[in-house]
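No hydrogens, no waters, no symmetry mates; every other heavy atom, side chains included, goes into these values. Read the numbers this way: they start at 1 and go in the same order the structure lists the ligands and their atoms.
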Amino acid sequence: ADIQPGDKIYAVNMNKCLVMYQIGKKPMKDGMNILGAHIDSPRIDVKQNPLYEDSNIAYLDTHYYGGVKKYQWVAIPLALHGVVVKKDGTTVEVNVGDNEDDPVFFISDLLIHLAGEQMDKKASKVIEGEAMDLIIGNIPVKDKDKDAVTAGVLKILKDTYDFEEEDFLSAELEIVPAGKAREAGLDRSMILAYGQDDRVCAYTSARAVLEVGGTITDRTACCILVDKEEIGSVGATGMQSRFFENMTAELMELMGEYSELNLRRCLTNSAMLSSDVSAGYDPAYASCFEKKNSAFLGNGMVFNKFTGSRGKSGSNDANAEYVAHIRDIMDSSDVVFQTAELGKVDVGGGGTIAYIMALYGMNVIDCGVAVLNMHAPWEATSKADVYETMRGYVAFLEKASF
Ligand code: MN
Ligand code: MN
């Protein structure tokens with residue numbers, strides 16, 4: 001194939017992850033500048049045998065996905081998104097709850113009047129995972145004494161989407177907070193929205209690769225958006241999959257540059273920003289942060305030299321030489337940035353996809369946008385931080401040469 005500097009090439013993996021390249025002037029073996037983010041978010045998944053009825057209420061049984069405070073997900077409007085794939089291979093898309101006139105769904109919580117015992121429980125036990133079942137119907141069909149409400153629900157599913165109960169077996173249905181992203185604050189300074197971990201970094205990364213479309217970069221610019229980060233980057237669509245490596249090999253083959261050694265050189269000579277959200281300093285929970293090394297909403301793009309927990313366990317720790325190079329790029333591009341770690345030592349911690357890409361021997365640093373209420377149904381960010389982060393990503397793609 002005739003591939004020229006400036007060309008844009010992308011590949012999709014199982015409709016769940018994406019890698020985008022804009023070809024640079026230098027050979028691939030000199031390395032790429034890579035932005036990587038994840039596009040899955042904590043949520044509640046529908047089980048494979050989900051439908052049941054109790055006391056005139058039809059339910060979908062669920063299994064939550066990722067790290068959630070379960071008590072935050074009850075008694076709020078929820079939407080249902082996903083696919084049902086039938087045996088003949090046809091895919092039915094389901095999106096209910098996010099249009100103004102759509103119905104929504106909910107998980108019930110016990111009324112405060114009877115909650116004396118519940119209120120004494122540990123927060124992790126207040127709502128049990130197995131009790132997080134989604135309420136989806138209440139009208140029984142006529143002349144049926146058993147499962148009359150689920151019969152009505154199944155009729156609606158058949159009429160609207162043309163699938164049967166057994167098709168839930170091959171469905172991926174995800175329950176998420178219903179409603180659009182909103183401006184927050186009288187000064188409209190912030191965004192309150194579901195799933196900003198990590199779409200606030202994924203969107204800006206994808207935009208950054210498109211922004212550099214105006215210029216042809218020295219090194220190939222790459223953006224990788226992956227699935228399954230919230231459950232450990234596992235599986236064929238998570239960062240641990242060989243998809244990214246395989247697609248890079250395919251691209252080099254198309255460019256006439258492929259050899260096993262050239263691929264290894266490309267990966268090890270690349271530089272990466274692992275784009276993920278960071279914990280925003282929360283004055284209401286000040287004791288969980290160390291103020292000198294915290295990220296503040298409104299103070300710009302956040303760099304985390306290292307992540308991990310309890311003695312940096314599970315961390316990616318960026319080399320000082322690479323951090324110096326990144327500082328120089330951000331300063332010379334007038335990008336407002338701050339540095340932080342995820343909370344006070346020994347309080348907790350977390351990880352990203354950074355350590356997986358670092359296995360290739362490339363330089364990787366974590367960076368992104370500070371978030372309040374991370375992993376809650378509604379997460380908050382500062383608009384100014386989102387803007388600076390995108391500028392930082394563009395500067396990195398244009399200037400990194402490490
Ligand atoms: Mn994340
Ligand atoms: Mn997360």
| Salt bridge flag under 4.0 Å for residues Asp98 and Lys180 | no
| With no hydrogens and no angle check, do the side chains of Asp276 and Thr352 hold a donor and an acceptor under 3.5 Å apart? | no
| request: Write down the atom of Gly280, the atom of Leu297, and the distance for their closest heavy-atom approach. | output: CA-CD1, 4.1 Å
| task | Taking 2.8 Å as the upper limit, name the protein N, O or S atoms near the Mn ion (ligand 2). | result | Asp197 OD2, Glu230 OE1, Glu230 OE2, His375 NE2
| request: Check whether any side-chain heavy atom of Leu251 lies under 4.5 Å from a side-chain heavy atom of Met255, and answer yes or no. | output: yes
| Pairs involving residues 377-386, ordered by first then second residue, that meet side chain to side chain donor-acceptor pair (under 3.5 Å) (sequence neighbours left out) | Glu183-Lys383, Gln196-Thr381
| message | Can you tell me how the ring of Phe402 sits relative to the ring of Tyr322, calling it parallel under 30°, perpendicular over 60° and tilted otherwise? | response | tilted
